[in-house]
Amino acid sequence: MTADAILNALKDVLPGLAATFGRSCELVLHDYRQPDHSVVAVAGELTNRRVGGAMSEIGLSVLAEGDDATPQLNYLTRTPSGRVVKSSTLPLRDEGGHVFGALCVNLDVTALRQVGDLLADLAGTAATPVPTTFTDDVDEVVDAVLRDEELALAKPVHGLSRRERLPLLRALDRRGVFHVRGAAPRVAARLGISRASLYADLAECRSTGTTNTGTTNTDATNTDTVNGER
C-alpha cells in the first residue's frame, strides 16, 4: 500500500481503538513527510496533541534512523500536568519498505502506578524507605517525592479535601519541594487545584506550622511567592 492509503486506513481505525481502551488511551498518527506538522489524526484526549502539530523528540529520532527505524516500546513520559504516560511509537512503512510515519500509542498509567504502590504497601513489600531518585530531570524528582507521600497517605493525592491537603503540603515543604523552580504548578496539577489555591494553602501551612527551614513562619505575606513564581 502507498503511504497515503495506509494513513487513510488508520484514520478510520483510530477512534475505535481509542474507544476500546477508554479515556486513559490516546492514539496519534504522524506523517513524517511533513515534520513541522506531522500529526494527521488524533483519537483521545491525553497529551493535548492536535492535528497539524509537530513531531516529538521520539519522532525526530525515528526520522533520523530512516528505514532502519524500529518500534520504540513502553517508554515513560509525563504530561505538563504531571500524569505518567506509557508510550509506544510504531514506525509505518510504505509498499517499498520506506519509513514515512508512525502510530503513537499513549496510555495514562498514573492511577495504575498509584494502585501498585498501595498494593505493595498492603502486601508489606513497600516497608523499606523509598530510594533516592537519581535523575537529571527535576520533574522526576518532584514526582518521586509526591509518590512517596502518596504512599504514606495510602490514597491518591488528586482530589484530596483541604483538610487532607494541608498536612501533605507541610510534608512537601519540609522536604524542600517548593525550592525547585516550577514545582508549584506541577504539585497543583497533581492535587487537582489551581496555583492560587496552592499558594493560599501553603501560606496557611507556613503561618501555622514549621517550614522546611526548621523555623516557624508567622509572616504569611511572604508566601504568595514560591521560589520567585506567582
Side-chain angles (χ1 to χ4, degrees), residues 1-117 119 131 133-144 146-147 158 181-182 185-186 189-190:
M1 295 177 66
T2 65
D4 289 334
I6 293 172
L7 290 174
N8 288 332
L10 287 174
K11 286 179 183 178
D12 293 334
V13 173
L14 258 59
L17 289 175
T20 299
F21 289 101
R23 291 178 296 175
S24 63
C25 180
E26 175 190 77
L27 295 107
V28 183
L29 186 62
H30 290 273
D31 182 352
Y32 290 160
R33 297 173 298 177
Q34 44 187 19
D36 292 341
H37 45 280
S38 69
V39 179
V40 295
V42 180
E45 294 281 344
L46 187 56
T47 63
N48 293 321
R49 303 303 303 273
R50 294 290 183 266
V51 172
M55 65 173 61
S56 66
E57 295 91 336
I58 294 294
L60 288 174
S61 67
V62 172
L63 191 62
E65 292 178 8
D67 294 340
D68 294 327
T70 57
Q72 304 293 314
L73 303 176
N74 298 324
Y75 55 89
L76 292 180
T77 58
R78 283 180 174 79
T79 67
S81 64
R83 308 297 292 177
V84 180
V85 178
K86 184 176 75 169
S87 302
S88 292
T89 298
L90 310 173
L92 300 175
R93 288 179 165 80
D94 60 20
E95 56 192 353
H98 305 298
V99 172
F100 68 88
L103 174 61
C104 296
V105 182
N106 301 316
L107 188 66
D108 186 346
V109 296
T110 307
L112 293 175
R113 295 184 79 191
Q114 293 168 346
V115 170
D117 287 341
L119 289 175
T133 299
F134 295 103
T135 176
D136 291 331
D137 186 347
V138 72
D139 289 342
E140 292 185 11
V141 176
V142 172
D143 192 62
L146 274 168
R147 288 188 68 202
H158 192 279
R181 183 168 296 279
R186 175 167 290 277
R190 284 291 306 275

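Keep in mind that the numbers below use all heavy atoms, side chains included, and drop hydrogens, waters and symmetry copies. No experiment lies behind these values; they were computed from the predicted model shown.
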J.: Between H158 and A189, what is the shortest heavy-atom contact and its length?
T.: CD2-O, 4.0 Å
J.: Is any side-chain heavy atom of I6 closer than 4.5 Å to one of F100?
T.: yes
J.: For residues Y32 and G59, report the shortest heavy-atom separation together with the two atoms involved.
T.: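 Closest approach of Y32 to G59, heavy atoms only: OH-CA, 3.4 Å.
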J.: Grab the two heavy atoms, one from D12 and one from P15, that are nearest each other, plus how far apart they are.
T.: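 That would be O-CD, 3.8 Å.
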J.: Hey, is the main chain of D67 close enough, under 3.5 Å, to the side chain of R93 for a donor-acceptor pair?
T.: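 Pair found, side chain donor or acceptor close to backbone of D67.
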J.: Can you tell me if R49 uses its side chain to pair, donor with acceptor, with the backbone of A54 under 3.5 Å?
T.: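 It does hold such a pair.
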J.: Which distance, rounded to the nearest 0.5 Å, do you find between the CG of N8 and the OG1 of T2?
T.: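 It is 8.0 Å, given to the nearest 0.5 Å.
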J.: Side-chain contact, heavy-atom cut-off 4.5 Å: V105 with L17?
T.: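 The answer is no, as the side chains (C-beta and beyond) never meet within the 4.5 Å cut-off.
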J.: Does a side-chain heavy-atom distance below 4.5 Å link C104 with S88?
T.: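 Result no, sub-4.5 Å side-chain heavy-atom pair not found.
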J.: Would you compute the distance between atom OG of S87 and atom CG of L76 and round it to the nearest 0.5 angstrom?
T.: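 S87 OG to L76 CG: 8.0 Å, rounded to 0.5 Å.
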J.: Among V13, V28, L14, find the residue that satisfies the side chain to side chain contact (heavy atoms under 4.5 Å, CB included) test when tested with L103.
T.: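 When V13, V28, L14 are each tested with L103, the side chain to side chain contact (heavy atoms under 4.5 Å, CB included) holds only for L14.
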J.: Within the structure provided, determine whether L10 and L27 are in side-chain contact (heavy-atom separation under 4.5 Å).
T.: no
J.: Got V40 and R33 here, is their nearest side-chain heavy-atom distance under 4.5 Å?
T.: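 Not touching, per the 4.5 Å side-chain cut-off.
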J.: With rounding to the nearest 0.5 angstrom, report the CG to CG distance, L73 to L90.
T.: 6.5 Å
J.: Does either side chain, that of T110 or that of D108, offer a donor lying less than 3.5 Å from an acceptor on the other one?
T.: yes
J.: If you compare all heavy atoms of P71 against all heavy atoms of P91, which two are closest, and at what distance to 0.1 Å?
T.: CA-CD, 3.6 Å
J.: Output, in order, the C-alpha distance, side-chain angles, deciding distance and verdict of side chain to side chain contact (heavy atoms under 4.5 Å, CB included) for V99 and L63.
T.: CA-CA 8 Å; V99 172; L63 191 62; over 6 Å; no
J.: Does any non-hydrogen side-chain atom of L7 lie less than 4.5 Å from one of L92?
T.: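 Yes, close enough: below the 4.5 Å cut-off.
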J.: State, yes or no, whether a side-chain contact exists between T89 and Y75 at a heavy-atom distance under 4.5 Å.
T.: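 Side-chain contact under 4.5 Å: yes.
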J.: Any heavy-atom pair between the side chains of H30 and V39 that's under 4.5 Å?
T.: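 A side-chain contact under 4.5 Å exists here.
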J.: Are any side-chain N or O atoms of E26 and backbone N or O atoms of T47, one a donor and one an acceptor, separated by less than 3.5 Å?
T.: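 Confirmed, E26 side chain pairs with T47 backbone.
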J.: With side chain to side chain contact (heavy atoms under 4.5 Å, CB included) as the test, would you mind laying out the steps for C25 and L46 before giving the verdict?
T.: CA-CA 7 Å; C25 180; L46 187 56; over 6 Å; no
J.: From the options V109, L107, V85, select the one residue that forms a side chain to side chain contact (heavy atoms under 4.5 Å, CB included) with S24.
T.: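 Result: among V109, L107, V85, L107 is the only option passing the side chain to side chain contact (heavy atoms under 4.5 Å, CB included) with S24.
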